[in-house]
There are 2 protein chains.
Amino acid sequence: MNYEQIMKLALERGFYFPSCEIYNDAQAGFWEYGPNGVSLKNKFVELWRREMVRRDGMLEIDGSQIMSSSVFEASGHLASFADPVVQCNSCKSIYRADKLIYEIANEVVPENADLEDFDKAISEHNVVCTKCKGKLGKTRKFNMMFKVGIGPEAVPSYMRPETCQSLFVDFPRLFKVMRGKLPVGLAQVGKSFRNEISPRQSLIRMREFYQAEIEVAFNPKTVDAIEGFKEVEGTEVGLMVDEKKTERMTLGEAVEKKIVPNKLIAYYLGLLVQFYHKAGVDVKRSRFRKLGAKEKAFYASVAFDFEVETSIGWLELVACNDRADYDLTAHGKKSGTNFEVLDGEEKVLPHIFELSMGIDRSLYTIIEHNIRDEKENDRVVLSIKPYLAPVHLGVLPLMKKDGMYEKADEIYSKLKTKYDVFFDAAGSVGKRYRRLDEIGCPLAVTIDYQTMEDGTVTIRKRDAMSQERIKVSDIEAHVQKETSFP
Amino acid sequence: MNYEQIMKLALERGFYFPSCEIYNDAQAGFWEYGPNGVSLKNKFVELWRREMVRRDGMLEIDGSQIMSSSVFEASGHLASFADPVVQCNSCKSIYRADKLIYEIANEVVPENADLEDFDKAISEHNVVCTKCKGKLGKTRKFNMMFKVGIGPEAVPSYMRPETCQSLFVDFPRLFKVMRGKLPVGLAQVGKSFRNEISPRQSLIRMREFYQAEIEVAFNPKTVDAIEGFKEVEGTEVGLMVDEKKTERMTLGEAVEKKIVPNKLIAYYLGLLVQFYHKAGVDVKRSRFRKLGAKEKAFYASVAFDFEVETSIGWLELVACNDRADYDLTAHGKKSGTNFEVLDGEEKVLPHIFELSMGIDRSLYTIIEHNIRDEKENDRVVLSIKPYLAPVHLGVLPLMKKDGMYEKADEIYSKLKTKYDVFFDAAGSVGKRYRRLDEIGCPLAVTIDYQTMEDGTVTIRKRDAMSQERIKVSDIEAHVQKETSFP
């Protein structure tokens, strides 16, 4: 199924929908998760917490979204976190320069290119305003941070454009009070904010979005001594070795061939691929793309984008950046705080390797990679991993009479606080199964006349569409077995 | 233990600490949750989800924090969500008028009072600037919403000052696509933002804070027909019947005596008390305080504050407001959307009953109500409910040699993704127990010489400080039994 079909499903089945949609001044790039979206997102985050944070003994924090100016002076965002924009001299429409050039002339000018490169491309290809054909002005930088004023004095502060800045700023306290030892992962899941010029495609490019970021602080001298490497050595990944070619190889081979620079980076790339595999993303359709100098973020020394193939092209789900000592040096200098820590006997300013995950895009990908329009069965089915399913169990009384409704309600009430259970008594059972299939519910029990006689129900499985009779007292064991995290 | 002692613990044990603390321009009212705080908060939210949202079949969403101007024009926040402030004519210091008057003259002028009431109190009690003794200007209103500009055109929008506005604005879609039936609870947990004049006391009054809000949409004609009432009828609550007196009575009695106006409100107040009881708050030290006309928020027709007693006085944890049709009428009118729905055969504009919970304050209260300085045992122990404990299990090798470290690591690795497990090999075992006690860890296993011989470990329980030997293979069953949600 393609993007448009999934968008329709999302809107009609409570996955996600535009924010403030009843108002004319609703702004693009803001979305709401409905009940099925919230449930999917929470489970995705729980899987991330299990398979990344807890598995690696990381320190997870939850920091403020509004942060003081100093943070972004030090981080470089105030100076450098800007998009190239051009404005029409006539109608004053504003465009993102790189997008406009690509749209009109099909030429790629990387977003971090020099301003002259955009002006040159605009003039060469005779790019004009798409609305009024007017001449475009010079390309300028537009800072993408949202500014807010704090207190009655309106002290300038900013909505964080990435969650990781708190992880850097909090590092000295965290390392001390949590008795850290290098390498140590710092993690955070939360909202970030970017004043995009052209938000687009629902969850793909938003102005307010969820990130799950991990910043691993490590001693640059011991990058090949990481123990965990053996857990991922045999994990196969796709690696773009040049502009056109992706090779599949194990992370062991990738390190040997120096495509991945060291074992520490390989370990975390491996965790990531294993995580997405468990999340139900088809990792055979994923790749790590090594970024060139002009494509990389301004703080990165080595960068891989983890990308997946979807109906709307290759999507970047995770930016994997070796930020070296850029951040800790910058915050140390600006604040006068010492960021050095002890690694054994050695005093060291840690380097940072980052896995910056976009949650919203990941959820979109999980839906797209797992949804099928099964025309032969007259259904759309979201064959999502059962532990990520928005609803674990449907409880369906065959009819509302003869005690079936009450019996079903009793079953529902027993399980509803512990699992995500949906009670549905409306329409034919076949229709109710179809509705549950669309939201990925892996199990449904039907309470019928036989239930009233012998205490059994029909349990129906989503993928096989199989049905068998089990005892009411065995329902919970079935749900637990089928929907437990791996 | 009192506020200051808990603050110290929070800072030193990774519960919470000030945001941007390494910088001079860190702003008051912004806090970070450290690893133990995040873990506690996540479990608290999970309990809320189980005991309120799922138990009542509510629809949970996760909406944008930045919302368009129309939302707050309709809601009344642009006009009315403002604090009374006074500025010193000489040194230009700004104060919140009601707080200053209370501080200096001990007189309570409610924050929603008319502006003249503040000026009158200031003049009567001769209140002057506390910094320079200068004369104060006239009281004016300061809007507490943070404004942000969207896109290169900087379209004015606002950080939501309460999460509930998305629930109102999204109501038509949610009711339709989720096939709602009245009464239906809409729920959301997330950040809200208020530009407080005087943030104070860490988690108590923040500028960026977590709410868990529930908005129950109901048919005002059938408030006494709610089925769930029987589940709470016998629940005892404290009700402030007048300024000075709190009476404890069942919710059944409270409805009978018309202190609580109807069974629907009583049902949700009951759920709330049951929830806090399960969260480990001492509900014998709680009360519902009925608010007077000048104390109530501008949208409320009936309002109860759920308050708990702490070392810093009575804290409001939840605002329980009957908002009547204020919100849906306002958004319907402003947007031109029809908010009416069918209740059986009847077309009805639902009324709203709200439970607006402050998460951060709730967490503070849970810590304070459960922490003890046990001098006789030379420990501080956080006797929190085991299912809310930041760490479920400590794994402690007696020594680092003779295979004990590796055995402990093996036990740790088996459980670490599923539970919150902390591996600690530093210092004496007694000292390690004390550290786990402070963060509320209910169970710890010690791996010693005997483990290497017979495969048993010592399991130690936090509250009783009891120790017994169990098989390594039984550890998981113990952890599961002790830390499962009720």
Side-chain angles (χ1 to χ4, degrees), chain A residues 12-14 17 19-27 30-35 38 41 50-51 54-55 59-71 85 94 142 146 148 150-152 155 157 159 166 169-170 172-174 177-179 191 195 197 207-208 331 335 337 416-418 426, chain B residues 12-14 17 19-27 30-35 38 41 50-51 54-55 59-71 85 94 142 146 148 150-152 155 157 159 166 169-170 172-174 177-179 191 195 197 207-208 331 335 337 416-418 426:
Chain A
E12 289 174 1
R13 291 293 171 262
F17 52 90
S19 179
C20 304
E21 59 178 337
I22 64 169
Y23 285 113
N24 292 333
D25 65 344
Q27 296 297 302
F30 297 95
W31 292 78
E32 318 266 294
Y33 286 106
V38 169
K41 176 169 67 67
R50 284 172 176 247
E51 298 296 327
R54 286 186 185 158
R55 177 170 166 186
L59 306 176
E60 185 184 347
I61 69 154
D62 184 1
S64 275
Q65 299 175 3
I66 297 177
M67 299 181 82
S68 65
S69 296
S70 292
V71 174
V85 297
I94 299 173
F142 169 72
F146 290 108
V148 286
I150 309 298
V155 179
S157 296
M159 306 297 303
S166 357
V169 169
D170 295 347
R173 175 182 292 273
L174 282 175
V177 304
M178 301 307 289
R179 301 187 291 136
K191 287 253 171 113
N195 202 356
I197 311 291
R207 283 171 165 156
E208 176 180 333
H331 286 298
S335 68
T337 307
K416 70 182 178 184
T417 64
K418 197 164 171 187
Chain B
E12 289 175 0
R13 292 293 171 260
F17 51 91
S19 179
C20 304
E21 59 177 339
I22 64 170
Y23 285 114
N24 292 332
D25 65 343
Q27 296 298 301
F30 297 95
W31 291 78
E32 318 267 293
Y33 285 106
V38 169
K41 175 169 67 68
R50 284 171 177 248
E51 298 296 329
R54 286 184 185 158
R55 176 169 166 186
L59 307 176
E60 185 184 347
I61 70 154
D62 184 2
S64 276
Q65 298 174 3
I66 296 176
M67 300 181 80
S68 66
S69 296
S70 292
V71 174
V85 296
I94 299 173
F142 169 73
F146 290 107
V148 286
I150 309 299
V155 179
S157 296
M159 306 298 303
S166 357
V169 169
D170 296 347
R173 176 182 291 273
L174 282 175
V177 304
M178 300 306 290
R179 300 186 292 136
K191 287 255 171 110
N195 202 357
I197 311 292
R207 282 170 166 156
E208 177 180 332
H331 287 298
S335 69
T337 307
K416 70 182 178 184
T417 63
K418 197 163 169 190

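By convention in this document, chain letters (A, B, ...) are assigned in the order of the sequence lines, proteins followed by strands, and residues within each chain are numbered from 1. Keep in mind that this is a model prediction, so the values were computed, not measured.
In this structure, the portion of A/R207 lying under 4.5 Å from any heavy atom of chain B is its side chain and not its backbone. Only the side chain of B/S157 comes within less than 4.5 Å of a heavy atom in chain A; its backbone stays farther off. For A/N195, the part sitting under 4.5 Å from any heavy atom of chain B is the side chain, from C-beta outward, and nothing else. With a 4.5 Å cut-off on non-hydrogen atoms, A/F30 touches chain B through its backbone and its side chain both.
Judged by distance alone, with hydrogens and angles left aside, the side-chain atoms of B/D25 form no donor-acceptor pair with the main-chain N or O of A/S68 at under 3.5 Å. Within the 3.5 Å criterion, the main-chain N or O of A/V177 finds no donor-acceptor partner in the side chain of B/E12.
Each of B/H331, B/Q65, B/M67 has some count of heavy-atom pairs under 4.5 Å with chain A, and the biggest count is that of B/Q65. No other option in B/V38, B/N24, B/L59 has as many heavy-atom pairs under 4.5 Å with chain A as B/V38. With chain B as the partner, the residue from A/S166, A/P152, A/G14, A/A426 showing the most heavy-atom pairs under 4.5 Å is A/P152. Between chain A and the options B/I150, B/V155, B/T337, the largest number of non-hydrogen pairs under 4.5 Å is found for B/I150.
With a 4.5 Å cut-off on side-chain heavy atoms, A/L174 and B/P35 count as touching. Residues B/D62 and A/K191 have side chains in contact (heavy-atom distance under 4.5 Å, counting atoms from C-beta outward). The shortest side-chain heavy-atom distance between B/S19 and A/V169 does not fall under the 4.5 Å cut-off. A 4.5 Å side-chain heavy-atom check between A/M159 and B/M159 finds at least one atom pair inside the cut-off. The side-chain heavy atoms of A/R173 and B/E32, taken from C-beta on, include no pair separated by under 4.5 Å.
Taking the salt bridge (charged side-chain N to carboxylate O under 4.0 Å, His left out) definition, one finds that B/E60 meets it with B/R49, sequence neighbours left out. Applying the salt bridge (charged side-chain N to carboxylate O under 4.0 Å, His left out) test to A/D170 and every residue at least two apart in sequence or in another chain returns nothing.
The distance from atom CE of A/M178 to atom CZ of B/R13, rounded to the nearest 0.5 Å, is 9.5 Å.
Minimum interatomic distance between A/S70 and B/Y23 (heavy atoms only, all atoms of both residues): CB-CD2, 3.3 Å. Closest of all the heavy-atom pairs between B/E208 and A/G63 is OE2-O, 4.3 Å.
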